[in-house]
Protein chains: 2
Amino acid sequence: MRPNKRDELVSKALDVFYANGFHATGMDKLVAVTGISKTSMYKHFRTKEDIILATLELRDENFRAWLYRQVEALADTPKGQLLAIYDALEDWFSLPEFRGCMFIKASAEFQELDHPIHVQSADHKRLLTEHFVDVAKAAGLNDPENLARQLMILKEGAIIMAVMGHSENPAMDAKAAAQALIDAASH
Amino acid sequence: MRPNKRDELVSKALDVFYANGFHATGMDKLVAVTGISKTSMYKHFRTKEDIILATLELRDENFRAWLYRQVEALADTPKGQLLAIYDALEDWFSLPEFRGCMFIKASAEFQELDHPIHVQSADHKRLLTEHFVDVAKAAGLNDPENLARQLMILKEGAIIMAVMGHSENPAMDAKAAAQALIDAASH
DNA sequence: CGTTATGTTTACCGATCTGTACATAAACCC
DNA sequence: GGGTTTATGTACAGATCGGTAAACATAACG
């Protein structure tokens, strides 16, 4: 019951769910991938759904920490950081293991609005939006809430177009659009 | 083997898949919902995957026909029609049965890039993009391909934000952004 | 060494998954 | 009408689903 076994399970389950989907991944597959017996898994988690929720929690922490750090490393002004979001996306999209947004996929497989997995996915997007609001405020731009929602739309749309694969560089398409919106909010 | 039975199956299967997901919907559920026996289904389609592909084909026809018609009804200039896309989205989002984009969800459940379901979902997005390029050209705007990709990003992003439910009106957020992009492309 | 807690393995449960064999009913041809 | 094709319903096969009971190994503590 030492906690690192639990973390190892969650970390490896995250990779499998991300690459193969939630319904499509059975518990037997998790056993095969992690080398942890099914009984041990059910010592740590009551249900498969609890495992999924734990992987989403980890993903939320990892992704937001990565994005925020990346954005801060790429630009030192708030306005520049808003644009740097899309440079970070470009790096993400080019990774060979890129498979789209885990939270979009989770909410696609668990659609009921009050389902815990759907709620947790929506929370991730809410936290990102709130962070963008803060940066937009720091940049002194007009109507930061509105701008943040638009930048989120560009981010999510770029992810979808990256998965669908009909644009050479959806991240830069979105960045150019973001530039226009930021200019418009600079009165 | 009369064809209307087949169409009835596809039409009802579309509703169930859209509302409940693909992996989460078993053949027994389709039997219960459609009243068509499993044997008859497998007379019309070799596999469940073939049924899914047929529902996506129907959805593609229905959605694009609806969107194009709606956009033409709402505006008579090409430039106005590009903006009317988001008015149409607003209507769609407000429907009680709105559950996001079926193709985004399909590609989320069938992730391999060469999977027929993924390919068909990507085709739907490609057809939409090409249509937007045509309208942008008719409007005489700069770099119509680039603008069309950006309008697609706004459309897909608005759908995601509508599903996640943190904006009062994601369609209008996207419309305002689209207005700024169209202005920027009007040199 | 013996006892007790702790975690793992194995084997399995009932339910459900996609897909099919077979027997029956309906519709057609003559 | 009799005979033949065609569609349907039943019932089930084999695999896999999420989840569990009980035997087994391991280590800690006296």
Side-chain angles (χ1 to χ4, degrees), chain A residues 1-57 102 105-112 115-118 120, chain B residues 1-57 105-106 108-112 115-118 120:
Chain A
M1 197 68 109
R2 56 191 180 285
N4 48 329
K5 270 271 176 179
R6 198 198 103 114
D7 294 348
E8 191 186 324
L9 163 60
V10 174
S11 168
K12 288 186 177 168
L14 166 55
D15 294 339
V16 180
F17 284 137
Y18 181 62
N20 295 88
F22 299 97
H23 284 104
T25 302
M27 296 301 293
D28 291 332
K29 184 137 191 177
L30 289 186
V31 171
V33 167
T34 64
I36 300 172
S37 76
K38 217 189 287 193
T39 312
S40 298
M41 290 184 181
Y42 280 97
K43 280 262 160 58
H44 292 290
F45 297 97
R46 271 183 48 260
T47 63
K48 181 186 179 183
E49 182 179 313
D50 285 348
I51 299 179
I52 295 176
L53 287 169
T55 65
L56 291 179
E57 207 169 317
M102 187 157 190
K105 297 194 291 188
S107 67
E109 289 204 47
F110 303 90
Q111 307 196 55
E112 305 86 40
H115 192 294
I117 292 175
H118 191 102
Q120 190 157 332
Chain B
M1 198 66 113
R2 55 190 181 285
N4 49 330
K5 270 273 176 181
R6 198 198 103 115
D7 294 348
E8 191 186 324
L9 163 61
V10 174
S11 168
K12 288 187 177 168
L14 166 55
D15 293 339
V16 180
F17 284 139
Y18 181 61
N20 294 88
F22 298 98
H23 283 104
T25 302
M27 295 302 291
D28 291 333
K29 185 136 191 179
L30 290 187
V31 171
V33 167
T34 63
I36 300 172
S37 77
K38 217 188 288 191
T39 311
S40 298
M41 291 184 181
Y42 280 98
K43 280 263 160 58
H44 290 290
F45 298 98
R46 269 184 50 261
T47 64
K48 180 185 178 183
E49 183 179 312
D50 285 348
I51 299 180
I52 295 175
L53 287 169
T55 65
L56 291 179
E57 207 169 317
K105 297 193 292 188
E109 290 204 47
F110 303 90
Q111 307 196 53
E112 304 86 39
H115 192 294
I117 293 177
H118 191 101
Q120 190 157 333

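- Atom CD1 of B:I51 is separated from atom C1' of C:dG19 by 11 Å (rounded to the nearest Å).
- For the pair B:K48 NZ and C:dT20 C1', the computed distance is 17 Å after rounding to whole Å.
- Sequence order on DNA chain C of the closest nucleotides to A:I36 and B:F22 puts A:I36 first from the 5' end.
- A:M41 places its CE atom 16 Å from the P atom of C:dG7, with the value rounded to the nearest Å.
- The CZ-P distance, from A:F45 to D:dT20, rounds to 15 Å in whole Å.
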Output, in order, the C-alpha distance, side-chain angles, deciding distance and verdict of side-chain contact (heavy atoms from CB on, under 4.5 Å) for B:K48 and B:L30.
CA-CA 10 Å; B:K48 180 185 178 183; B:L30 290 187; 5.8 Å; no
Start with the C-alpha distance between A:H44 and A:D50, add both sets of side-chain angles, then the distance that settles side-chain contact (heavy atoms from CB on, under 4.5 Å), and finish with yes or no.
CA-CA 9 Å; A:H44 292 290; A:D50 285 348; over 6 Å; no
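- C:dT6 atom C1' lies 21 Å from atom OH of A:Y42, rounded to whole Å.
- Nucleotides of DNA chain D nearest to B:G35 and A:E49 differ in position, and the one nearer the 5' end is that of B:G35.
- Counting to the nearest Å, the P atom of C:dG19 and the CG atom of B:L30 are 12 Å from each other.
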Under the side-chain contact (heavy atoms from CB on, under 4.5 Å) criterion, do B:I51 and B:M27 qualify, and how do the steps go?
CA-CA 10 Å; B:I51 299 180; B:M27 295 302 291; 3.7 Å; yes
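- Listed candidates were D:dG9, D:dG19, C:dG19. Nearest to the side chain of B:S37 is D:dG9.
- Distance CD1 (A:I52) to P (D:dG18): 9 Å, rounded to an integer number of Å.
- Distance NZ (A:K29) to C1' (D:dG18): 16 Å, rounded to an integer number of Å.
- The cationic atom of A:K105 (NZ for Lys, CZ for Arg) lies less than 6.0 Å from the six-membered ring centre of A:Y18 and within 45° of the ring axis.
- The side chain of A:T39 sits closest to D:dA22 out of D:dA22, C:dT18, D:dG18.
- Applying the 3.5 Å distance criterion, the base of D:dG9 shares no donor-acceptor pair with the side chain of B:K38.
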